[in-house]
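Right, one structure below, let's go through it.
Letters go in sequence order (proteins before strands), and every chain restarts at 1. Just the heavy atoms: all of them, side chains too, but no hydrogens, waters or symmetry mates, feed the values below.
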Number of protein chains: 2
Amino acid sequence: MKPENRKNEIVKAAAKLFKEKGYSAVTMRDLAKDLGIKASSLYNHISSKQDLLSAIIISLAEEFTAEMETILNSSANSIEKLKRIVSIHVCISSEHSNGMASLNNDWMHLEHQLPYYLKLRSEYEDNFRRIILAGINTGEIKNEQAEVILFSMLSTLRSLYLWIPNKEEVDTASLTNTLSEVLINGIAK
Amino acid sequence: MKPENRKNEIVKAAAKLFKEKGYSAVTMRDLAKDLGIKASSLYNHISSKQDLLSAIIISLAEEFTAEMETILNSSANSIEKLKRIVSIHVCISSEHSNGMASLNNDWMHLEHQLPYYLKLRSEYEDNFRRIILAGINTGEIKNEQAEVILFSMLSTLRSLYLWIPNKEEVDTASLTNTLSEVLINGIAK
DNA sequence: GTCTATATTTTGATAGAC
DNA sequence: GTCTATCAAAATATAGAC
């Protein structure tokens, strides 16, 4: 077993605890106890608590960035692009439900990687906004305030981690369809 | 000046800091420094850090409960009731933007008041769900999965505190209308 | 109402044996 | 790879002077 595997186990356990209580409230002793070892043993695999947070958040942020890039480079129309954004949020949230909690709630506790995270996030939001504005221009999307649409969709998508139980029980394709319908066409008959 | 006033100042400052870094990451020294006093001086006005969290969260949870009661007792149809739910979230979030952060993210750090908070929250969600189901029954609302509709609306409404800058700059009536339109009728033309 | 001084726990992290 | 022992810093909170 490579040391990488043990580190992954630790990161995974950390993400679970960070979701339950938040980064700051989880101690290295809590984490060690969850893994059945002593706190000092953790430091053979990681160099600091901060490293755990970075590992969890940055990999997810980069995954969203990569997926958004693919969508931008596609020839789909704006509504189709929005549906694909819904899809990547459903998929990533169901695969990494615990890590999404840190991405959403504990990013401010990043240290060295904070500027990089903020850059990725603001680029992601800018691209999301451009897709909405393009849809308004082509007449696909209502000319409501684009910022309200962006906020509403992003809020729902970012909260998915709280709602998706775990990947075994989720039909991601079906959830993506229902959620897209609700977000794009509304709920009124 | 009654001691109540000084306590309110402390609670207000605490809510601001809790929003920035979360309850667990804010120390009593941070809070004292923000108020220009020493940490020990805080204890003449409050009995513990935990008290601050309870004061912030429980008063907001009770406010939502009271407003929901009013909506339930009204004779409005389901769509109108949903619009009024949007309205109370916009109003409370613009009045108490900082406190909403604790309500959403730090409720798990409540101690004595945790069961009470959980009761209020689950009753609120039950009432919200019943309004949606009633609307589906009367044909006002599409027969999508009610849980997806509930999740989507609640996620957006709960995130308002992140998005509303401050009450001076927000036209709550206008935001309520735009947000209701987006949530209820969707964004597709 | 705020201060200084301090008690008590808990925290992240290191050193070195096995 | 995990342990015991330990450190240094930081945490919540109290006591008592002013």
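Annotation: A:Tyr161 is not in aromatic contact with A:His96 [ring centroid separation under 6.0 Å not met].
Close to C:dG1, at under 4.0 Å from its OP1 or OP2, lies no side-chain N or O of B:Ser41. A sub-4.0 Å separation between OP1 or OP2 of C:dA13 and a side-chain N or O of A:Tyr43 is present.
Side-chain N or O atoms of B:Asn185 include none that pairs as donor or acceptor with a backbone N or O of A:Gly186 at under 3.5 Å.
With rounding to whole Å, A:Gln50 atom CD is found 14 Å from C:dA13 atom C1'. We find that CD1 of A:Ile10 is positioned 9 Å from P of D:dG1, with the value rounded to whole Å. If you take CE of B:Met28 and C1' of C:dT9, they are 16 Å apart, rounded to a whole angstrom. For the pair A:Asp30 CG and C:dG12 P, the computed distance is 8 Å after rounding to whole Å. When the C1' atom of D:dA11 is taken as reference, atom CG of B:Leu52 falls 15 Å away, rounded to whole Å. If you measure from atom NZ of A:Lys38 to atom C1' of D:dT4, you get 9 Å, rounded to the nearest angstrom. In this structure, B:Lys7 atom NZ and C:dG1 atom P are separated by 13 Å, rounded to whole Å. Note: CG (A:Leu42) to P (C:dT11) measures 14 Å, nearest angstrom.
Taking 3.5 Å as the limit, the base of C:dG12 and the side chain of A:Arg29 contain a donor-acceptor pair of atoms between them. For D:dT4, the base has a donor-acceptor partner in the side chain of A:Ser40 [N/O atoms by modelled type, under 3.5 angstrom].
Distances were taken from every side-chain heavy atom of A:Arg6 (C-beta onward) to each of D:dG1, C:dC3, C:dG1; the shortest belongs to D:dG1.
Of the residues in residues 106-114 of chain B, none has a non-hydrogen atom less than 4.0 angstrom from any atom of DNA chain D.
For NZ of B:Lys83, the number of neighbouring non-hydrogen atoms (other residues, nucleotides, ligands) closer than 6.0 Å is 12 at most.
Residues A:Thr156 and B:Ser152 approach most closely at OG1-O, 3.2 Å, considering heavy atoms. Pairing each heavy atom of A:Ser97 with each of A:Lys19, the nearest pair is OG-NZ, 2.9 Å. When all heavy atoms are compared, the tightest approach of A:Ile132 to A:Leu82 is CG1-CD2, 4.2 Å.
Rounded to the nearest 0.5 Å, atoms CZ (B:Phe128) and CD1 (B:Ile131) are 7.5 Å apart.
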